[in-house]
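What follows is a set of notes on a single structure, which appears directly below.
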Amino acid sequence: MKKQIAKKYWITWGISSLIGLWMFITSLQGPHLCSPVVGCGVEVPMLIAIIISLILILFRAFKKNKLKLITPLILLITLTPSLLIFVINTV
């Protein structure tokens with residue numbers, strides 16, 4: 001018998017995907033006029049989210065429930081290119 005995936009996982013994955021795609025689309029919107037000292041203000045939260053996602057992946061890789069790996073993977077896959085694009089396109 002197949003195990004059903006709980007609705008809470010689908011909601012979490014959907015929210016994580018929306019946040020990641022929203023940040024990715026925002027990063028593609030051309031050169032950003034930001035402060036050279038402070039930046040645009042989104043780089044630090046994205047970097048913190050990437051670091052937390054890496055830590056969660058390391059801890060959850062050894063757990064029995066592998067479904068909990070998907071949320072940090074979604075954030076890692078979407079936020080890493082977004083951060084790189086933001087840093088490269090900052091004027």
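Atom CG of Leu73 sits about 9.5 Å away from atom CG of Leu54, to the nearest 0.5 Å. Once rounded to the nearest 0.5 Å, the distance linking OG1 of Thr80 with CG of Leu47 reads 9.5 Å. Taking CG of Leu69 as the start and CD1 of Ile57 as the end, the distance is 7.0 Å to the nearest 0.5 Å. In this structure, CG in Leu84 is found 11.0 Å from CG in Leu79, a value given to the nearest 0.5 Å. Between the CG atom in Leu83 and the OG1 atom in Thr78 there is a gap of 11.5 Å [rounded to 0.5 Å]. Rounding to the nearest 0.5 angstrom, the gap separating the CD1 atom in Ile70 from the CD1 atom in Ile77 is 10.5 Å.
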Using a 3.5 Å cut-off and no angle test, enumerate the donor-acceptor pairs between side-chain atoms of residues 13-21 and protein atoms at least two apart in sequence or in another chain.
| unit_1 | atom_1 | unit_2 | atom_2 | d |
| --- | --- | --- | --- | --- |
| Trp13 | NE1 | Thr71 | OG1 | 3.4 |
| Ser16 | OG | Thr12 | O | 2.9 |
| Ser17 | OG | Trp13 | O | 2.8 |

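Summarising the geometry of Ser82 relative to Met46, their closest heavy-atom pair is CB-SD, 3.8 Å, with the distance given to 0.1 Å.
The stretch residues 45-66 participates, sequence neighbours left out, in these side chain to side chain donor-acceptor pair (under 3.5 Å) pairs: Tyr9-Asn65.
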